[in-house]
Amino acid sequence: MPNALITGITGQDGAYLTQLLLKKNYRVIGTVRSASDHEHNTLTALKLQDQVQLIEADFMDMRSLARAVELAAPDEIYHLAAQTSVAASWERPVETGEITALGTARLVQVWREVKPGARFFQAASSEMYGKVAESPQTEATPFHPQSPYGAAKLYAYWIIVGCREIHAAHASCGILFNHESPLRPSNFVTRKVTQAVARIKQGLQNELIMGNLDVQRDWGFAGDYVRAMWHIMQQGEPDDYVIATGKVHSLREFVDLAFKCVGLNYQDYVRTDPAFFRPADPVALVGNPSKLASRTGWEPRVNLEQIVALMVEADIKRVLKQEELIDYTVED
Ligand code: NDP
């Protein structure tokens with residue numbers, strides 16, 4: 001039975017990855033921070049809390065990370081923990097650097113000292129492209145991050161590349177494009193939309209105020225993307241891979257689909273406020289997943305319409321306080 005250590009196990013991807021690895025008969029160990037609010041934990045949502053071992057670790061404290069790696073004795077390390085919000089990274093750039101960038105450096109040092117034979121997956125981000133030079137983006141597209149989050153992810157990315165190229169470690173990066181699910185935290189725009197749709201449908205809210213609806217994104221499903229992470233780890237040779245659907249949609253399409261799920265027209269409820277505006281990217285942020293597809297056979301199985309429907313359905317049940325009826329499970 002292989003051992004997997006997942007940092008950020010309480011996040012959206014951590015929970016879906018745990019579910020996938022347990023099905024594949026891994027022993028799953030995850031790091032959690034002591035300050036975390038585990039009451040509405042994603043692991044509980046997927047009913048996995050009794051099947052994993054959780055170890056407290058602080059990404060500012062190397063000793064706690066060393067203890068976690070020693071206890072887990074991992075064959076595979078999936079490094080997902082990060083300060084993950086672009087907006088928050090502008091409010092708290094130093095914390096973002098400490099956790100998302102230097103936190104990775106600390107984990108890498110511990111990994112190389114304690115269990116250098118373990119394989120390592122780094123959750124890199126399409127935000128590293130920032131001001132995008134070409135579309136769609138591939139593994140060869142130049143990076144130009146435009147936020148403290150993107151810059152922190154890029155710092156972490158180059159450390160992992162260095163581990164692979166200089167130290168011959170099995171270290172890979174997945175350059176993840178946006179991916180969603182009913183477990184997406186509510187500070188992200190997609191959950192803001194689906195939560196509002198559920199509340200409007202139940203008469204608890206009258207309108208939804210949005211920024212620029214013409215922003216374009218490549219949105220995938222979290223369950224599909226954690227499957228890609230696992231495939232990357234099983235490759236004989238480590239490498240970097242874009243994890244994306246290759247399809248671009250506007251935020252307006254997302255909003256329209258969400259309101260349609262409950263039989264409403266978004267134009268009757270959505271108001272745009274220039275205060276929330278960020279300019280539409282001149283070049284679309286959309287990934288080309290061909291390298292991943294050709295090397296591993298991976299392809300996304302859940303399309304945007306299905307993702308939106310799952311999220312709206314789950315948020316309606318949350319509003320009705322029927323959380324126990326939400327089916328978060330994704331089939332492998
Ligand atoms: P989430 O925001 O859902 O989860 C983030 C995880 O990191 C949580 O377990 C959280 O713990 C943990 N974390 C946050 N801050 C700290 C901290 N200071 N110390 C220790 N742990 C912390 O992210 P996702 O699951 O969606 O993303 C997984 C990874 O993929 C992340 O690295 C993210 O940056 C990256 N990524 C995600 C994309 C997406 O669209 N989802 C796109 C591109 C990259 P807690 O539960 O305690 O808050």
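Whatever order the structure lists them in is the order used to number ligands and atoms, beginning at 1. Worth saying up front: this structure is predicted, and the values here are computed from it rather than measured.
For the ligand labelled ligand 1, residue S85 lies outside the 4.0 Å heavy-atom shell. Residue contacts with ligand 1 leave out Y225, since none of its heavy atoms falls under 4.0 Å from the ligand. Contact annotation: E127 has no heavy atom less than 4.0 Å from any atom of ligand 1.
Of the N or O atoms in G8, one or more lie within a sub-3.5 Å distance of an N or O in ligand 1. Between S126 and ligand 1, not a single N/O pair is under 3.5 Å apart. Inclusion of K153 in the set of residues having an N or O under 3.5 Å from an N or O of ligand 1 is warranted. Annotation: S125 places no N or O atom under 3.5 Å from an N or O atom of ligand 1; distance criterion only. The shortest N/O to N/O separation between Q83 and ligand 1 does not fall below 3.5 Å. By the 3.5 Å distance cut-off applied to N or O atoms, A81 is not counted among the residues near ligand 1. Checked by distance only, ligand 1 and Q12 come closer than 3.5 Å through their nitrogen or oxygen atoms. Geometrically, ligand 1 and E95 share no nitrogen or oxygen pair separated by less than 3.5 Å. Considering both main-chain and side-chain atoms, G11 comes within under 3.5 Å of ligand 1 through a nitrogen or oxygen pair. Checked against a 3.5 angstrom limit, the closest N/O atoms of E180 and ligand 1 fall outside it.
In terms of hydrophobic clustering, with Ile, Leu, Val, Met, Phe, Trp and Tyr side chains grouped at heavy-atom distances under 4.5 Å, W158 and M128 are assigned to a common cluster. Hydrophobic clustering (ILVMFWY, side-chain heavy atoms < 4.5 Å, transitive): L208 and V262 are in one cluster.
Of the N and O atoms on the side chains of Q53 and R27, at least one donor lies less than 3.5 Å from an acceptor on the other residue. Side-chain polar atoms of R217 and H249 form no donor-acceptor pair below 3.5 angstrom. In this model, a donor atom of one side chain and an acceptor atom of the other lie less than 3.5 Å apart for Y266 and R252. Side-chain atoms of W230 and Y26 form a donor-acceptor pair, as typed in the model, at a separation below 3.5 Å. For the residue pair T100 / Q83, no side-chain donor-acceptor distance below 3.5 Å is found, with atom types taken as modelled.
Close contacts of ligand 1 with R184, meaning ligand atoms under 4.0 Å from a residue heavy atom, involve 26 (O), 39 (C), 40 (O), 41 (N). Set against the non-hydrogen atoms of N178, the atoms of ligand 1 under 4.0 Å away are 40 (O). Below 4.0 Å from some heavy atom of L80 lie the following atoms of ligand 1, by number and element: 28 (C), 29 (C), 31 (C), 32 (O). In summary, the atoms of ligand 1 found under 4.0 Å from a heavy atom of F59, numbered by their order in the structure, are 20 (C). Taking a cut-off of under 4.0 Å to the non-hydrogen atoms of I99, the atoms of ligand 1 that pass are 17 (C), 18 (N).
Annotation: Y157 is in aromatic contact with F143 [ring centroid separation under 6.0 Å].
Between D61 and R106 there is no salt bridge, since no side-chain nitrogen of the basic residue lies less than 4.0 Å from a carboxylate oxygen of the acidic one.
Considering each of E98, M60, R33, the one bringing a non-hydrogen atom nearest atom 15 (N) of ligand 1 is R33. Among L176, V226, T10, the residue whose heavy atom sits closest to atom 43 (C) of ligand 1 is L176. The option with the heavy atom closest to atom 7 (O) of ligand 1, from among A82, G174, G14, is A82. Within the set L43, T31, N41, T84, the minimum heavy-atom distance to atom 2 (O) of ligand 1 is found for T84.
Between H79 and F59, the angle of the ring planes stays under 30°, which puts this pair in the parallel group of the 30/60° scheme. Relative orientation of the F121 and Y78 rings is tilted, given thresholds of 30° and 60° on the angle between their planes.
Of the heavy atoms in P185, only side-chain atoms (C-beta onward) come closer than 4.0 Å to ligand 1. Contacts between F177 and ligand 1 below 4.0 angstrom, taking non-hydrogen atoms only, involve the backbone exclusively.
Between Q12 atom CD and L80 atom CG the span is 10.5 Å, to the nearest 0.5 Å.
Between D315 and the options R199, R191, K192, a salt bridge (Lys or Arg N to Asp or Glu O under 4.0 Å) holds for only R191.
Within a 6.0 Å sphere centred on NZ of K115, other residues, nucleotides and ligands contribute more than 12 heavy atoms.
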